[in-house]
Amino acid sequence: MSGQLRAFRLRGVGGAQKFGVAAGSLRGLLRKGCRLLQLPLAGSRLCLYEDGTELSEGFFRALPPQTELVLLGPGETWRGCECGGAGERGGRGGAGRGRRAPLRRRSPRAGFGDVGRLLAAAGGQRDAVVEAARKLLSDELAPQRQKLLVDLLHNLDENILAEHRQDDQKWFEGLESRFKNKSSYMRYSCESRIRSYMKEVSGFISNVHPTARDAYKRIIDLMLEKLKSVKYNGCYFDRREEEEAARLCTVEGWFSCQGPFDSDYCPCKHSINPYSNRESRILFSTWNLDHIIEKKRTVVPELAEAVKTRDGREVNWEYFYQLLFTLDNLKLVHIACHKKTNHNLSCDKTKIYRKRKQTHKIS
C-alpha cells in the first residue's frame, strides 16, 4: 500500500556491503540512501541490483520487500550483476571519464541473459517462426497446444515501437478516426475512467442531506475545475509523458500490476503492453484502477457526511480529491488481482477538515 514502510537491501556502486533501509516511497528511500552513503540527493538514482533497471515511483510500489537495490550517484551507472556489476563513475575530465550508458527502464516482458538472447534470436527469424507456428496451428487439434501456438503468434505480432495510425493500422481497428496515434487514445482511455469517477461523485448528491447539498455541489465544482486543469490525469496511461512519476508505464508502454489493495506487489507478476497490438489494447480495458480506500463504500459517503456535519469547519476537499482521482489511493491491477470484497479501510479523520489558522492577539 502506498506510504507503508517496506525494507530494502541497498548498496553503492563501489561497495559490496549491503544496508537495510525502510521507506514508504521512492523519494523517501532515495533520501535515506543518500544520507547513509553520503551522496548528494540531486542527480542520484536507484536501480535494481539484478539488471540495472532504473526505478520509477510506479515501479517502486510494485517491488517486493527485501529487493536488492543499487544507489547511483551523479554520473554513476550500473548494468546489473549479470555483467559483473559494470559500474562506472563519470566525472568532469580525468582518466575515469567514460561515455555514460543509459539505464534501462524495466519492461516486464523483456528477458535478460539466456532468455534475452533467445528472444533476440527469435526476433531475427520472426517471419520464419510465424510461418512455422501458423502451419503447426492449422494441423493442431489439442486445445493446450493450440493455446501455446496462439500465444506465440500473438506475441510475435507486436508492433510496440509504432506510434502513429499509418504505422500500425491494425492496432486502431474499431477506434474513431480522430485518434491519430496510440498515446492519444491511451490518454483518452485513462481520462474516461477518471471522468466516470467524477460522475459517480456528482451522482451521489441525491443522497446528501438537503441542507448540505449546496456545499457538496461547491466541492464538486472545485474538484472538476482541478481535474480539467490536469486533463483528468490522462498522463497515467501516456507513455510519452516525460515525468516518470506521472505515468504508470515504461517509455515502451509496459504496465505492471501493482497487486491487490492489501498487498505491496503482484504475486503473479502480471504485465501487459496495450501499445503492442490490438488484442493487448482490448485486454488492457479489463485492468482496473482500483481505489485502495473504496470510492463507493467509503470515500464518497465520508465526503457527504463531512459536508453535513462540518458545523462551520472547512472541508478539506483536496484530501478527498487525492483519494478519488490520484495515485495516492489508486492502484493499477490485473482483473485477477482485483478483490471485490470490502476493503475495511477508512479515511484519515485528521485530514477531513482543514486546520484553522491560528491568530495572535496584539495587546
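For the numbers below, each heavy atom of this structure counts, side chains included, while hydrogens, waters and symmetry mates do not.
At a threshold of 4.5 Å between non-hydrogen side-chain atoms, the residues R31 and R35 count as touching. A 4.5 Å side-chain heavy-atom check between C235 and R187 finds at least one atom pair inside the cut-off. Contact annotation: the side chain of S256 never approaches that of H270 to less than 4.5 Å [non-hydrogen atoms, C-beta and beyond]. Residues P267 and P260 have side chains in contact (heavy-atom distance under 4.5 Å, counting atoms from C-beta outward). Residues L324 and K295 meet the side-chain proximity criterion, which asks for heavy atoms closer than 4.5 Å. Residues F59 and L48 have side chains in contact (heavy-atom distance under 4.5 Å, counting atoms from C-beta outward). In this structure, the side chains of F172 and Q166 stay at 4.5 Å or more apart for every pair of heavy atoms. Taking 4.5 Å as the limit, some side-chain heavy atom of L72 sits within range of a side-chain heavy atom of C47.
Scanning both residues, L323 and N329, for their nearest heavy atoms gives O-ND2, 2.9 Å. The shortest heavy-atom contact between A62 and C257 is CB-O, 4.2 Å. Nearest heavy atom pair, residue R45 against residue L71, reads O-CD1, 3.4 Å. Summarising the geometry of W78 relative to V13, their closest heavy-atom pair is CZ3-O, 4.1 Å, with the distance given to 0.1 Å. Nearest heavy atoms, R165 versus L175: NH2-O, 3.9 Å. Contact record, W171 with N277: CD1-C, 3.4 Å, taken as the closest heavy-atom pair.
Checking side-chain atoms of S44 against main-chain N and O of P40 turns up a donor-acceptor pair under 3.5 Å. At least one donor-acceptor pair closer than 3.5 Å links the side chain of K331 to the backbone N or O of Q258. A distance-only check finds a donor-acceptor pair linking the side chain of N316 to the backbone of K351 [under 3.5 Å]. Between the R239 side chain and the E252 main chain, a donor and an acceptor come within less than 3.5 Å of each other. When atom types are taken as modelled, the side chain of N233 and the backbone of F325 share a donor-acceptor pair closer than 3.5 angstrom. Between the side chain of R297 and the backbone N or O of E294 there is no donor-acceptor pair closer than 3.5 Å. Although no hydrogens or angles enter the test, the distance criterion places no donor-acceptor pair under 3.5 Å between the side chain of H291 and the main chain of I293. Checking side-chain atoms of H343 against main-chain N and O of L345 turns up no donor-acceptor pair under 3.5 Å. For N288 (side chain) and D290 (main-chain N/O), no donor-acceptor pair under 3.5 Å exists by modelled atom type. Between the side chain of D264 and the backbone N or O of P64 there is no donor-acceptor pair closer than 3.5 Å.
Not counting sequence neighbours, K180 has no partner by the side-chain hydrogen bond (donor to acceptor under 3.5 Å, both in side chains) test. By the side-chain hydrogen bond (donor to acceptor under 3.5 Å, both in side chains) test, T309 is found to be paired with Y353, residues two or more places apart in sequence or in another chain being considered. By the ring pair (Phe, Tyr, Trp, His ring centres under 6.0 Å) test, Y319 is found to be paired with no residue, residues two or more places apart in sequence or in another chain being considered. The salt bridge (Lys or Arg N to Asp or Glu O under 4.0 Å) check on K349 picks up E302, with sequence neighbours excluded. Qualifying side-chain hydrogen bond (donor to acceptor under 3.5 Å, both in side chains) partners for E176, counting only residues two or more places apart in sequence or in other chains: R178. By the salt bridge (Lys or Arg N to Asp or Glu O under 4.0 Å) test, K231 is found to be paired with no residue, residues two or more places apart in sequence or in another chain being considered. Under the side-chain hydrogen bond (donor to acceptor under 3.5 Å, both in side chains) criterion, S177 pairs with no residue at all, not counting sequence neighbours. When the salt bridge (Lys or Arg N to Asp or Glu O under 4.0 Å) test is applied to R9, the partners found at least two apart in sequence or on another chain are E68. Partners of D168 by salt bridge (Lys or Arg N to Asp or Glu O under 4.0 Å), not counting sequence neighbours, listed by chain and number: K182.
With respect to the salt-bridge test (charged N to carboxylate O, under 4.0 angstrom), the residues K226 and E318 qualify. Between R218 and D214 there is no salt bridge, since none of the side-chain N atoms of the basic residue sits less than 4.0 Å from a carboxylate O of the acidic one.
Counting only N and O atoms by type, the side chains of H164 and N181 include no donor and acceptor under 3.5 Å apart. A side-chain N or O of D348 and one of T350 form a donor-acceptor pair less than 3.5 Å apart. Checked by atom type, the side-chain pair E57/S25 shows no donor-acceptor distance below 3.5 Å.
Taken to the nearest 0.5 Å, the CG atom of L222 stands 13.5 Å off from the CZ atom of F320. T298 contributes atom OG1, which lies 12.5 Å from atom CD1 of I292 (distance to the nearest 0.5 angstrom). In this structure, I220 CD1 and Y321 OH are separated by 14.5 Å, a value rounded to the nearest 0.5 Å. With rounding to the nearest 0.5 Å, the separation of NE2 in H334 from CD1 in I272 is 7.0 Å.
Following chains of ILVMFWY side-chain contacts shorter than 4.5 Å, one can reach Y188 starting from L248, so the two form part of one hydrophobic cluster. Residues L26 and L41 are members of one and the same hydrophobic cluster, defined by side-chain heavy-atom contacts under 4.5 angstrom among Ile, Leu, Val, Met, Phe, Trp and Tyr. In the hydrophobic clustering of ILVMFWY residues, with side-chain heavy atoms under 4.5 Å counting as a link, L30 and L69 come out together. Placement of M186 and V230 within a single hydrophobic cluster is found when ILVMFWY residues are connected by side-chain heavy-atom separations under 4.5 Å, directly or transitively. When the side chains of ILVMFWY residues are joined at heavy-atom separations under 4.5 Å, either directly or via intervening members, L161 and W254 end up in two distinct hydrophobic clusters.
Within a 6.0 Å sphere centred on CZ of R310, other residues, nucleotides and ligands contribute more than 12 heavy atoms. No more than 12 heavy atoms of other residues, nucleotides or ligands lie within 6.0 Å of CD in E242, so this atom counts as exposed by the packing criterion. For Q38, the CD atom counts as loosely surrounded, since its 6.0 Å shell holds 12 or fewer non-hydrogen atoms of other residues, nucleotides or ligands.
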message: Apply salt bridge (Lys or Arg N to Asp or Glu O under 4.0 Å) to residues E241 and R247 and explain how you reach the verdict.
response: CA-CA 7 Å; E241 172 61 43; R247 52 178 157 82; over 6 Å; no

- prompt: Going through the distances and angles, do V70 and L46 end up as a side-chain contact (heavy atoms from CB on, under 4.5 Å)?
  reply: CA-CA 6 Å; V70 177; L46 286 164; over 6 Å; no

Worked check of side-chain contact (heavy atoms from CB on, under 4.5 Å) between K228 and E225: CA-CA 5 Å; K228 288 179 178 178; E225 183 179 348; 5.9 Å; no

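Sorted by first then second residue, the ring-ring contact (aromatic ring centres under 6.0 Å, His included) pairs that include residues 216-237, not counting sequence neighbours, are F237-F255, F237-F284. Pairs of residues two or more places apart, or lying in two chains, that qualify as ring-ring contact (aromatic ring centres under 6.0 Å, His included) and include a residue from residues 8-28 are F8-F60.
By the 6.0 Å and 45° rule, R281 does not stack over the aromatic ring of Y275.
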Enumerate, atom names and distances included, each donor-acceptor pair closer than 3.5 Å involving a side-chain atom of residues 196-206, sequence neighbours excluded.
| from | atom 1 | to | atom 2 | distance (Å) |
| --- | --- | --- | --- | --- |
| S196 | OG | R193 | O | 2.5 |
| Y197 | OH | L289 | O | 2.9 |
| S202 | OG | M198 | O | 3.1 |

